[in-house]
Amino acid sequence: MKSKGKILVTGGSGFIGSHTSVELIQQGYEVVIIDNLSNSEAFIIDRIEQITGIRPKFYQFDLLDLGRLDGFFLENNDIAGVIHFAAAKAVGESVQIPLHYYRNNLLTMVNLLEVMVKYKIVNFVFSSSCTVYGQPDELPVTENAKVKPAVSPYGYTKQVNENILKDLIRSGANIKGIALRYFNPIGAHHSGLIGELPRGVPSNLMPFITQTVYGIREQLKVFGADYNTLDGSCIRDYIHVVDLAKAHIVAIERLIHGKNLSGYEMFNIGTGSGFSVFEVIKSFEKSTGQKINYKVVARRGGDIEQIWADTSKANNVLGWKAEKNLDEMTLSAWQWEQKYRVK
Ligand code: UD1
């Protein structure tokens, strides 16, 4: 079958990158991955091949290495589009080592855009986050909501990178960009072959739950039950990673086929529904039949109380809608954890 075009996926062995690579390949695209494996494993490339029957071309290097990056584009100047995931993403860690986050997340973005301009690669999808909104004044939050001062260096890098992309496009450079502002991606591919694979102690809720139930962590700590929400715990818009992956295909195709309404667009990518931490726990227990050992502890610094997406723009303009519900998300996360551990 003739390929629909070559797509560069940076961070393609990571959680969202690997699921997106699978969807791209299954839709008939040729996928090339650049990843420095700083927070992912090389065997994920094998797993992508196992699922799709096609092995994506894999380049292991750091996007900070401008020389390597230039050489890569020289070799691959027929790329139809770039989906940029590669970045550090731990909120707490970014407070501890801010310079690492600024160097790693900002300079790589600059390098990538610079070589894209040089080699006349036009279509760019950026992995942004709902973190750019902070605690919104109105819920559900729309793309028009004010971007609030970031509470962490991680969040700040997402805001700055959106601006870098916007400024470059405004300067008249031949680049078209879409920023996808993800809410909370969880779950795993139905094959159980790829999923979230945090190094060390997970800081995110879902992998902490699955590891606790598997017996790797002793107890889940629920960070605060005294918020001004229905049951006192924080509310987030959890989205299945495969739904999220599909949003990237729609976004890159929108650019490739010139359907974008302006040079720079951004979309909320969530389900449009908020769930509390206790509701996630209940869903997990119901969908898997497993009990979670948890206790309520003090609030975690930097957490916002509640956020969920207004997804009308993504639904109506982008033409994408999340399909999977919370029970499917929690069940698939558990299936992945089990299958990964018994390998
Ligand atoms: C945050 C960012 C998100 C970013 C992600 C990367 C916001 C709104 N979201 O997600 O953009 O991509 O970090 O890591 O800024 N929780 C517990 N116990 C735990 C872990 C989490 O109770 O052990 C609770 C948290 O308090 C929160 C919810 O679970 O209410 C989700 O937390 P987490 O998975 O860490 O994601 P966010 O902090 O929402």
Side-chain angles (χ1 to χ4, degrees), residues 11 14-17 39 85-96 101 105 126-136 139-141 145 147-159 161-162 179-187 196-213 216-239 241 244 266 268-270 274-284 292-309 326 329-330 333:
F15 176 40
I16 310 170
N39 194 27
F85 294 104
K89 58 141 218 170
V91 176
E93 184 187 61
S94 79
V95 176
Q96 307 296 318
Y101 274 69
N105 292 5
F126 173 59
S127 166
S128 190
S129 167
C130 69
T131 197
V132 300
Y133 298 120
Q135 176 62 63
L139 288 168
V141 64
V147 163
K148 299 249 179 96
V151 289
S152 71
Y154 159 77
Y156 191 51
T157 66
K158 291 294 178 195
Q159 295 178 345
N161 274 342
E162 283 195 2
L180 298 180
R181 292 174 169 172
Y182 318 150
F183 284 68
N184 286 54
I186 60 169
E196 195 167 4
L197 200 51
R199 289 212 171 136
V201 182
S203 52
N204 294 110
L205 178 63
M206 203 61 233
F208 206 101
I209 289 179
T210 55
Q211 290 194 11
T212 304
V213 174
I216 300 163
R217 311 283 154 208
E218 209 179 302
Q219 190 174 45
L220 168 72
K221 296 182 187 71
V222 174
F223 296 134
D226 56 350
Y227 285 98
N228 187 22
T229 59
L230 229 53
D231 62 22
S233 64
C234 291
I235 294 176
R236 298 287 184 272
D237 184 336
Y238 295 92
I239 170 166
V241 65
L244 174 57
M266 75 261 195
N268 283 344
I269 303 295
F275 289 97
S276 73
V277 177
F278 291 126
E279 285 174 318
V280 174
I281 292 174
K282 276 192 209 109
S283 161
F284 184 94
I292 302 174
N293 173 15
Y294 69 88
K295 70 166 179 197
V296 174
V297 299
R299 293 180 178 195
R300 177 172 72 174
D303 266 340
I304 60 157
E305 183 173 273
Q306 45 187 320
I307 187 165
W308 64 94
L326 187 61
M329 301 182 212
T330 52

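In each ligand, atom 1 is the first atom listed, and ligand 1 is the first ligand listed.
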Does ligand 1 have a heavy atom under 4.0 Å from the side chain of [X], from its backbone, from both, or from neither?
X: V277; result: side chain
X: S203; result: backbone
X: M206; result: neither
X: V280; result: neither

Open item on the list: I'd like to check whether L220 has a polar contact with ligand 1, where a contact means an N/O of the residue lying under 3.5 Å from an N/O of the ligand.
Closed with: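 In fact, backbone or side chain, L220 has no N or O that close.
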Just going by heavy-atom distances, which of [options] is nearest to [atom]?
atom: atom 12 (O) of ligand 1; options: Y154, Y133, F275; answer: Y154
atom: atom 35 (O) of ligand 1; options: Q306, Q211, R299, R300; answer: R300
atom: atom 28 (C) of ligand 1; options: Y227, F208, Y238, Y294; answer: Y238

Identify, for [atom], the protein heavy atom at the shortest distance, and state residue, atom and that distance.
atom: atom 10 (O) of ligand 1; answer: N184 ND2, 3.7 Å
atom: atom 26 (O) of ligand 1; answer: D303 OD2, 2.5 Å
atom: atom 6 (C) of ligand 1; answer: K89 O, 3.2 Å
atom: atom 27 (C) of ligand 1; answer: R236 NH2, 3.9 Å
atom: atom 13 (O) of ligand 1; answer: V91 CG2, 3.4 Å
atom: atom 14 (O) of ligand 1; answer: N204 ND2, 3.0 Å
atom: atom 15 (O) of ligand 1; answer: T131 OG1, 3.1 Å
atom: atom 18 (N) of ligand 1; answer: K221 O, 2.7 Å

Can you list the atoms of ligand 1 that are under 4.0 Å from a heavy atom of [X]?
X: V222; answer: 22 (O)
X: C234; answer: 30 (O)
X: S129; answer: 3 (C), 11 (O)

N/O donor-acceptor pair under 3.5 Å between [X] side chain and [Y] backbone:
X: S283; Y: E279; result: no
X: R181; Y: G270; result: no
X: E305; Y: I235; result: no
X: D231; Y: S233; result: yes
X: N293; Y: E218; result: yes
X: Q211; Y: V201; result: no
X: N268; Y: A309; result: no

TODO: Using distance alone, with no hydrogens and no angle criterion, decide if S276 and T229 have a side-chain donor and acceptor under 3.5 Å apart.
DONE: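 Their side chains do not contain a donor-acceptor pair, so the 3.5 Å distance test is not met.
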- [ ] For the residue pair Y154 and E93, confirm or rule out a side-chain donor-acceptor distance under 3.5 Å.
- [x]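 No, no side-chain donor-acceptor pair sits under 3.5 Å.
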TODO: Please name the pair of heavy atoms, one in G155 and one in T131, separated by the smallest distance, quoted to 0.1 Å.
DONE: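 Heavy-atom minimum between the residues: CA-CG2, 3.8 Å.
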Open item on the list: If the test is side chain to side chain donor-acceptor pair (under 3.5 Å), which one of S127, S129, S128 qualifies with Y182?
Closed with: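 The single option meeting the side chain to side chain donor-acceptor pair (under 3.5 Å) with Y182 is S127.
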Open item on the list: Taking the side chain as everything from C-beta on, heavy atoms only, tell me whether Y294 gets closer than 4.5 Å to F208.
Closed with: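 Y294 vs F208: side chains apart.
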